[in-house]
Amino acid sequence: MYWGISLVRDLEGKQKVSTGISPSGPIHLGNLREILTGDIIYKSMLLSGKDASFIYLCDDIDPLRKVYPFLPQSYSEHVGKPLRDIPAPEGTDTYSEYFLAPFLKSIETMDVRPEVIRTGNLYAEGKFGDITKIFIERKEEVRNILQSISGRDLEENWFPYNPRCSSCGRINSAVPYDFSDRYVYYRCSCGNEGRSDIYTDQGKLPWRLEWPAKWKILGVTFEPFGKDHGTQGGSYDTGKAISEKILDYPAPRPQMFERILRKGKGAMHSSTGVNIPATEILDFVPPEMVRYMMARVPPSRHIEFDPESGFLNLMDEYERLIKLRGENKLDEDQITLLNISFTGRKNDEIPDYRHLTTLVQIYSRDEQIEKILEKNGNKYDPHILHERIKQARHWVMNYAPESSRFHILDENSPVNLNEDGKKVICNLMANIKSLETWNAEAIHEAARKAIQQSSVSPSEGFSYIYRVFIGKDRGPRLGFFLEGMERDKVEKRLSFSCGA
RNA sequence: GGGCCCAUAGCUCAGCUAGGUAGAGCAUCUGGCUUUUAACCAGAGGGUCAGGGGUUCGAAUCCCCUUGGGCCCGCCA
């Protein structure tokens with residue numbers, strides 16, 4: 001049974017899947033796993049005929065924790081302020097929206113369409129007020145739960161609410177000393193004294209209390225999260241206890257997911273520099289492929305992402321499945337997997353990715369590629385084809401291993417041919433010079449003839465030709481390849497090589 | 001110190017959530033195609049399922065231990 005289906009099959013009643021993020025910087029592939037795991041579970045519920053919804057929380061009231069490497073030093077004055085109160089590194093948006101907006105656009109192309117909720121708005125609307133009050137009134141009970149389950153000692157003056165200083169705007173420097181009615185009174189290290197209304201966004205709950213509060217406020221029944229939250233005594237454990245003992249709300253079904261590693265480079269951490277921003281992934285990975293990557297393995301397994309040849313193999317695997325589906329050769333799980341990976345766009349008919357990585361190295365203009373493909377009798381959705389060509393180009397430029405790359409050699413760069421090789425090239429030159437039309441078929445015919453005339457084996461003959469043009473033993477389909485070059489250049493290169 | 005995950009063919013992995021003859025793709029080799037979408041078709045070789053113990057008529061699969069690898073927590077979220 002497909003993992004998503006078996007995960008949700010025993011659930012009863014209305015379901016609400018929730019995931020979220022603290023938009024403190026560029027959102028990367030690891031964050032993508034979080035939201036896609038949520039989406040896959042959500043869609044598995046729908047496929048199982050359950051009444052389900054899917055929300056995504058943007059924790060824009062979380063404070064900026066430090067000046068990240070991608071920020072100018074001037075941001076040190078903003079450390080400790082809610083992300084939604086800080087200006088974006090560029091433009092006029094807030095910091096949180098600046099990083100959230102491109103991410104939301106990215107996930108839409110992957111057919112991920114959760115209800116997006118900004119946690120800061122929930123505070124501003126007063127949604128946390130009642131629960132905050134409960135936490136404050138039952139402070140000692142809450143403290144005991146946190147201490148006994150997490151095993152850590154909370155400070156003597158620990159308080160279940162972090163006010164935002166009305167003067168300096170920081171959410172981590174105001175120390176509460178009193179509470180009455182709906183106000184938390186504080187003194188801030190900046191010298192300011194004031195009070196926060198807990199029914200507004202003048203402060204927030206600490207994470208370990210905020211999480212269970214969200215479950216209850218929003219009615220969450222299922223939540224995937226990274227293993228950092230799932231450790232024993234971690235925030236899920238304390239959240240579950242708080243939710244059940246203090247808030248009288250059953251904790252959502254948890255699903256821990258493993259990390260995504262960059263092949264050979266380790267974990268995708270913003271700090272280690274090996275992470276690839278989510279938006280850049282989509283520059284070369286087709287959206288359905290990103291879904292497929294996350295959907296094909298259960299969340300408990302780590303994913304080793306290899307953007308080089310591993311990625312190409314994965315594309316092959318996916319395209320093979322699509323082909324087999326057309327022939328009705330898939331089992332139930334494979335069909336579910338494809339349905340889950342599907343983005344709703346009809347692009348089964350796109351030429352395979354591997355082929356495109358060759359074409360984009362021969363032709364510099366998209367129209368040439370489209371013309372060649374059409375000439376072979378194929379008609380594709382121009383929009384999706386154009387997008388796929390762009391992705392293939394990006395891959396070749398940035399990720400292709402040497403074995404998948406080629407470049408055309410200069411007319412008079414040195415050649416090293418034996419007697420047989422020279423024979424093939426000289427024959428080819430003669431055949432090509434006598435061609436009346438410059439098209440792929442004729443060129444290919446000329447090559448075939450030249451090889452025959454030289455009485456070498458076809459594979460040997462072709463490899464001589466590739467060596468002359470790209471310095472390798474193999475290459476893209478010869479006729480199309482040479483047709484894409486200027487005839488004059490081809491002839492010059494051949495005559496140079498023949499005479500060399 | 002605590003927790004989670006992983007270990008199956010040369011490589012990448014499936015099979016474990018129903019315990020019942022060991023699987024796929026890639027790579028290699030053989031044969032076919034007057035050779036090209038960096039192919040295709042037919043076939044072959046290749047395994048002590050990390051090691052040990054247990055449960056069972058029967059274990060890659062369930063339980064325990066060991067080894068090796070990876071990650072997370074013990075700041076904040």
Side-chain angles (χ1 to χ4, degrees), chain A residues 1-3 5-7 9-10 20-24 30 59 61-66 79-80 83 119 150-153 162 171-172 204-211 225-237 256-261 263 266-269 296-304 306 309-310 312-314 316-321 324 331 333-334 337 351-359 361-362 372-373 376 378 400-401 403-406 440 444-445 447-449 451-452 455 457-463 465-466 470 472-481:
Chain A
M1 191 183 298
Y2 180 69
W3 65 262
I5 301 289
S6 87
L7 205 56
R9 70 185 149 162
D10 64 321
I21 194 172
S22 188
S24 56
D59 290 332
I61 194 170
D62 287 357
L64 181 69
R65 296 207 331 257
K66 59 177 184 181
V79 170
L83 301 171
T119 309
S150 73
R152 65 174 182 174
D153 283 327
N162 299 327
I171 213 158
N172 60 354
K204 77 186 282 288
L205 294 168
W207 163 248
R208 283 187 186 240
L209 299 182
E210 185 178 273
W211 203 15
F225 49 82
K227 66 193 299 183
D228 46 342
H229 292 304
T231 195
Q232 191 182 51
S235 51
Y236 180 78
D237 278 359
M256 214 153 62
F257 56 86
E258 265 284 352
R259 316 194 88 191
I260 298 188
L261 313 176
K263 178 146 184 150
M268 291 265 197
H269 261 310
R296 63 193 280 276
V297 290
S300 61
R301 304 181 70 120
H302 75 247
I303 293 176
E304 206 165 337
D306 171 15
S309 52
L312 224 46
N313 292 338
L314 215 56
D316 285 347
E317 178 183 309
Y318 180 76
E319 282 156 359
R320 198 163 43 237
L321 277 180
L324 289 174
D331 64 33
D333 287 3
Q334 291 171 312
L337 173 58
D352 71 73
Y353 197 97
R354 197 181 280 274
H355 183 34
L356 283 178
T357 64
T358 297
L359 291 178
Q361 293 182 83
I362 305 174
I372 289 297
L373 290 170
N376 288 357
N378 298 307
S403 62
S404 298
R405 283 179 206 230
F406 60 86
H444 195 264
E445 185 59 27
R448 226 170 46 81
K449 229 166 73 190
I451 292 167
Q452 272 178 347
S455 42
S457 78
S459 67
E460 204 184 337
F462 276 97
S463 73
I465 300 172
Y466 287 120
I470 59 173
K472 296 181 156 204
D473 287 346
R474 310 189 79 189
R477 192 176 203 169
L478 193 66
F480 290 127
F481 173 49

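None of the values given here were measured: they were computed from a predicted structure. Computed over heavy atoms, backbone and side chain alike; hydrogens, waters and symmetry mates excluded. Numbered from 1 within each chain, the chains take letters A, B, ... in sequence-line order.
B:A60 sits 16 Å from B:G52 when the C1' atoms are compared, rounded to a whole Å. Rounded to the nearest Å, the gap between the P atom of B:G1 and that of B:C76 is 22 Å. Across the C1' atoms, B:C26 and B:U21 are found 26 Å apart, a figure rounded to whole Å. The gap from the C1' atom of B:A59 to that of B:G53 amounts to 13 Å, rounded to the nearest Å. Of the C1' atoms belonging to B:G69 and B:A22, the separation is 24 Å, rounded to the nearest Å. Distance noted for atom C1' between B:G47 and B:G10: 12 Å (whole Å). Nucleotides B:C62 and B:G15, compared at atom P, are 12 Å apart to the nearest Å. Distance noted for atom C1' between B:C5 and B:C13: 16 Å (whole Å).
A donor-acceptor contact under 3.5 Å links the side chain of A:Thr358 to the base of B:A38. At a cut-off of 3.5 angstrom, the base of B:C6 holds no donor-acceptor pair with the side chain of A:Arg301. Applying the 3.5 Å distance criterion, the base of B:G74 shares no donor-acceptor pair with the side chain of A:Ser150.
One finds no side-chain N or O of A:His229 lying less than 4.0 angstrom from the OP1 or OP2 phosphate oxygen of B:C73. At the phosphate of B:U35, OP1 or OP2 sits under 4.0 Å from a side-chain N or O atom of A:Arg448. Not one side-chain nitrogen or oxygen of A:Arg354 sits closer than 4.0 Å to the OP1 or OP2 atom of B:U36. Listed pair A:Arg259 / B:G70 fails the phosphate criterion, with no side-chain N or O lying under 4.0 Å from OP1 or OP2.
The separation between A:Leu314 atom CG and B:C11 atom C1' is 15 Å, rounded to whole Å. Straight-line distance from the CD atom of A:Glu210 to the C1' atom of B:C76: 13 Å, rounded to whole Å. Rounded to a whole Å, the CZ atom of A:Phe225 is 13 Å from the P atom of B:C73. The CG atom of A:Asp316 sits 13 Å away from the C1' atom of B:U12 (whole-angstrom rounding). The CD-P distance, from A:Glu258 to B:C4, rounds to 12 Å in whole Å. Atom-to-atom, CD1 of A:Ile21 to P of B:C76 comes out at 20 Å; the value is rounded to the nearest Å. Going from atom CG of A:Leu64 over to atom P of B:C76 covers 17 Å, rounded to whole Å. As a whole-Å value, the separation of A:Leu359 CG from B:A39 P is 14 Å.
Note on A:Tyr236: nothing from the nucleic acid sits closer than 4.0 angstrom, heavy atoms only. Among the protein residues, A:Phe406 comes within range of the nucleic acid bases, having at least one heavy atom under 4.0 Å from a base atom.
Smallest separation of non-hydrogen atoms from A:Met256 and A:Gly230: SD-CA, 3.4 Å. In plain terms, the two heavy atoms of A:Glu258 and A:Lys227 that are nearest each other are OE2-NZ, 2.6 Å. Considering every non-hydrogen atom in both A:Asp59 and A:Glu210, the closest pair reads OD1-OE2, 4.2 Å.
Checking A:Leu478 against A:Ser6, the closest nucleotide of RNA chain B that is more toward the 5' end is the one next to A:Ser6. Heavy-atom distances to RNA chain B give each of A:Arg296 and A:Thr357 a nearest nucleotide, and the one nearer the 5′ end belongs to A:Arg296.
Of the possible donor and acceptor atoms, none in the side chain of A:Trp211 sits under 3.5 Å from a partner among the backbone N and O of A:Tyr236.
Among B:A77, B:C73, B:A14, the nucleotide with an atom closest to any side-chain atom of A:Val297 is B:A14. Closest approach to the A:Gln232 side chain among B:U36, B:U17, B:G3 is made by B:G3 (side chain taken as heavy atoms from C-beta onward). Comparing atom distances between the A:His355 side chain and each of B:A38, B:A77, B:A18 picks out B:A38 as nearest. Which of B:A77, B:G3, B:U17 sits closest to the side chain of A:Asp228 comes down to B:A77. Comparing B:U17, B:G3, B:A77 by their closest approach to the side chain of A:Ser22 singles out B:A77.
For the pair A:Arg152/A:Ser150, a side-chain contact is recorded, criterion being any heavy-atom separation below 4.5 Å from C-beta on. A:Ile61 has its side chain within reach of A:Ile171: a pair of non-hydrogen atoms, C-beta onward, lies under 4.5 Å apart. When side chains are defined from C-beta on, A:Pro299 counts as touching A:Trp3, because their heavy atoms get closer than 4.5 Å.
Contacts of A:Asp228 classified as salt bridge (Lys or Arg N to Asp or Glu O under 4.0 Å), with partners at least two apart in sequence or in another chain: none.
Distance CG/A:Leu478 to CZ/A:Arg448: 12.5 Å, rounded to 0.5 Å.
Taking a pair as Watson-Crick or G-U wobble with both distances under 3.5 Å, RNA chain B forms stems of 3 or more consecutive pairs at B:1-7 with B:67-73, B:10-13 with B:23-26, B:28-32 with B:40-44, B:50-54 with B:62-66.
With respect to A:Arg354 and A:Glu319, no salt bridge is recorded, no charged nitrogen being found less than 4.0 Å from a carboxylate O.
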